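Heads up, the thing below is written out as structure tokens.
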Amino acid sequence: MWRRHLLIAPVVLFLAVLLVVPYVNMVRMSFLVKPPGERYLNVFTLDNYARVLRDGFYWRILANTVWYAVLTTALTLVLGYPLAYAIARAPNRRRPLLLMLLIAPLLVGVVIRAYGWLILLGRVGLVNELLRALGRQPVELMYNVTGMTIGLVHVFMPFMALSIAGALQNISPDVERAARSLGASPWKTFWRVTWPLSLPGVFAGMLLVFVLAVSSYVIPILLGGNNVLVIPMLVVQLLLDAFNWPVGSALAMVFFGLTAILLWGYVKLMNRALRWSLR
Amino acid sequence: MASIRLHELTKRFGRVVAVNRLSLEIREGELITLLGPSGCGKTTTLRIIGGFEHPDGGEVFFGDRAVTGLPPERRDIGIVFQNYALFPHLTVNENVAFGLDVRGVPRTEIAARVAAILDKVQLGGLGGRYPHQLSGGQQQRTALARALVINPQVLLLDEPLANLDAKLREEMRFYIRHLQREFGITTVYVTHDQAEAMVLADRIVVLRDGVLQQLGAPDELYRRPRSAWVADFIGLSNFIRGTAAVHDGRLTVRTAVGTFQTSGGAAGDGARDVLVVLRPEALHFGGDHPNRLAGIVRERAFLGNLLDYRIECAPELVLRVQADPSRRHEPGERVELSFAADDAWTVPAAEAA
């Protein structure tokens, strides 16, 4: 028995040193006093939390951050579902290729892809040059919410599509045939059979994309520029620019806590909706 | 209820011809099985009847109505699949109600009809369960109830018993037959199991490589197969090669192990090179039938109700004989065999290979 536990010792050690210890340290930091001109004092206080929770500015940014993540999740769902459907229903021979194409963008780093969008969406990018050539006004696609959302949707699409495609592939074609035989049109068959049966994948994909989007940092910085502010950016600013480790840590903790509560409620609802799949 | 007529049905997948100019008439209220080895086109034929595949050529009629171009939901069919294909996210009640619900049947009527059919298939009281909470047999009966509750014109069954264990499978054969008679519904039943086809079918359609080999009642197929392939596929057969001739109005076949009188078959069509088809139970030890031959017992196996012998009558001619276990013959023993002319049938030798 203990031998088996021994096998996971390296990974436990790895996570303890690189994840748990920094986390615990951050929790501790969020309760320490920040005197002007010094990093912190080893004195317990709740002031940092009070500052974060009382400041309307933080709440507004928090609301924005969650809203961007919800928007990204919704858009990846709307765009990713048909994509997942096409992949799941493709002939067996062609499916591996399609899956590879879906995953291929993940082989390129996020930063590089963000610069790719720059070439397309920038003030002198492909889109605006095209508009200019057609005699139209250029549009602002970069360094705002639009640019950031385009980037986020692009980066997280594979996660959504993969998770839905997996669920769709688990649906036996005979189940859909049975619905048709019973008098359901293709449209009705989709909404009453295929869609509910794909919900496990939809819910998993939404969870994944939301978590990734709400905590994303690089894309908002590169594509949102100075016109977009999200909590992860704010935390980094507090920690590195303002050098205020205690308040930065407290903000991170509040953000973490609220997101966790949100996800807990989500998982509860999800389990209720998927009662039929629980064995 | 409606009869089903298939006219010159053809379906290709790439270069493979899955169904080849299949014409067939299934009478109102009849249960017909499509029988054949895997890849013979039986499931494709069923799917074409159901509207799940579109034929490359030919027509499908339900009664006088041409349904070839109609999608499944407008054909008025009930179908049961090998894996049952129940809706896993719906309870038994909701599964069975599905067809009525999409047809817009009023709620109170749905409840009554669902309850009635669940009682009929002995699932009363299980309506609130999800499919994964049911045994294989219960899932099977739910699928039958779901297909039958809409009173379809035609019932299609695609190897519905293949996933059940042997004992339950045997029970369900009779149960399905009973249910089908009670509803009087025209039924197409796909199977690769010839015993199942024998028990269930009014008539059997034997398919091979998409081509109809023979169509007939089970005993007709067993006693009067049209080819060596059909004789071999349905039940056990012994084949003895020979030359046919007519003697005194009887079809006689001269073979290496004797000259035998037969009841007819291919020889009647004028073929000269024929195979005599002898079922294992047609051969008797001793006996006073006019057709006689001798051999040596090589092997014997106990089947419970029968003893299964392999008897070498000539080099390369080993006959299988199944006989009453009350009289035993030992391996190595020399035995005399006889059979009646009525139990001997002939098929053309040409395509025997």
Side-chain angles (χ1 to χ4, degrees), chain A residues 77 81 84-85 88-95 97 163-206 267-279, chain B residues 13-14 43 46-47 49-53 70-92 94-105 128-133 142-160:
Chain A
L77 176 61
Y81 199 101
Y85 194 90
R89 291 287 181 272
N92 285 333
R93 280 172 293 110
R94 212 176 307 150
R95 200 175 308 119
L97 177 73
S163 123
I164 296 172
L168 284 172
Q169 255 177 273
N170 276 334
I171 303 173
S172 155
D174 281 344
V175 170
E176 289 171 345
R177 289 191 188 113
R180 297 287 300 278
S181 80
L182 292 166
S185 62
W187 185 245
K188 253 189 185 157
T189 300
F190 176 78
W191 283 114
R192 299 195 49 166
V193 176
T194 314
W195 168 254
L197 288 179
S198 68
L199 282 183
V202 169
F203 287 149
M206 283 170 66
V267 169
K268 279 254 149 191
L269 283 176
M270 183 172 97
N271 280 341
R272 186 172 305 171
L274 299 181
R275 231 172 351 167
W276 56 269
S277 69
L278 303 175
R279 310 226 152 191
Chain B
F13 294 110
T43 294
L46 190 86
R47 286 192 181 158
I49 297 173
F52 303 110
E53 296 277 4
L70 288 184
E73 65 268 22
R74 291 179 51 202
R75 291 196 177 196
D76 203 8
I77 51 172
I79 187 161
V80 175
F81 294 95
Q82 179 173 348
N83 55 24
Y84 319 132
L86 295 174
F87 306 126
H89 61 302
L90 302 180
T91 60
V92 169
E94 292 164 341
N95 261 282
V96 177
F98 188 94
L100 300 172
D101 199 16
V102 295
R103 278 171 167 69
V105 174
R129 296 224 186 147
Y130 284 104
H132 68 81
Q133 296 168 321
T142 307
L144 273 168
R146 184 179 67 176
L148 288 172
V149 76
I150 56 174
N151 288 324
Q153 297 251 331
V154 164
L155 181 63
L156 306 176
L157 304 170
D158 188 4
E159 307 237 9

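Each chain gets a letter, A, B and so on, in the order the sequences are listed, and its residues count up from 1. What you see is a predicted model; the values in this text were computed from it and never measured.
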Subject >> Trace of the side-chain contact (heavy atoms from CB on, under 4.5 Å) decision for B:L157 with B:L144 >> reply: CA-CA 9 Å; B:L157 304 170; B:L144 273 168; 4.3 Å; yes
Original post:
Run the side-chain contact (heavy atoms from CB on, under 4.5 Å) check on B:E73 and A:K188 step by step: do they pass?
Top reply: CA-CA 11 Å; B:E73 65 268 22; A:K188 253 189 185 157; over 6 Å; no
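Using the six-membered ring where Trp is involved, B:F87 and B:F98 have ring planes that are tilted, between 30° and 60° apart. Taking the six-membered ring for Trp and thresholds of 30 and 60 degrees, A:Y85 and A:Y81 have nearly parallel ring planes, at less than 30 degrees apart.
Between B:R103 and B:D76 a salt bridge is recorded (basic side-chain N to carboxylate O distance below 4.0 Å).
At a threshold of 4.5 Å between non-hydrogen side-chain atoms, the residues A:W276 and A:L274 count as touching. Proximity of A:L77 to A:I164: side-chain heavy atoms (C-beta onward) are separated by under 4.5 Å at one or more points. Within the 4.5 Å cutoff, the side chain of A:R180 has heavy atoms near those of the B:F52 side chain. In this structure the side chain of A:R192 reaches within 4.5 angstrom of the side chain of B:D101, judged on heavy atoms.
Both the backbone and the side chain of B:R146 come within less than 4.5 Å of a heavy atom in chain A. At a 4.5 Å heavy-atom cutoff, B:L156 makes no contact with chain A through either its backbone or its side chain. Contact of A:S181 with chain B is made through backbone and side chain together, with heavy-atom distances under 4.5 Å. Only the side chain of B:I150 comes within contact range of chain A, with heavy atoms under 4.5 Å apart. Of the two parts of A:P186, the backbone and the side chain both hold a non-hydrogen atom closer than 4.5 Å to a non-hydrogen atom of chain B.
Taking non-hydrogen atoms and a 4.5 Å limit, the residue list of residues 194-202 of chain A in contact with chain B, ordered by number, reads A:P196, A:L197.
Nearest heavy atom pair, residue B:L70 against residue B:R74, reads CD1-O, 3.6 Å.
Comparing A:T189, A:L182, A:I171, A:V193 by heavy-atom pairs within less than 4.5 Å of chain B, the highest count is held by A:L182. Residue with the most contacts toward chain A among B:P131, B:G78, B:P72, B:P152: B:P72 (heavy-atom pairs, distance under 4.5 Å). Note: B:G99 leads B:G99, B:G51, B:G50 in heavy-atom pairs under 4.5 Å with chain A.
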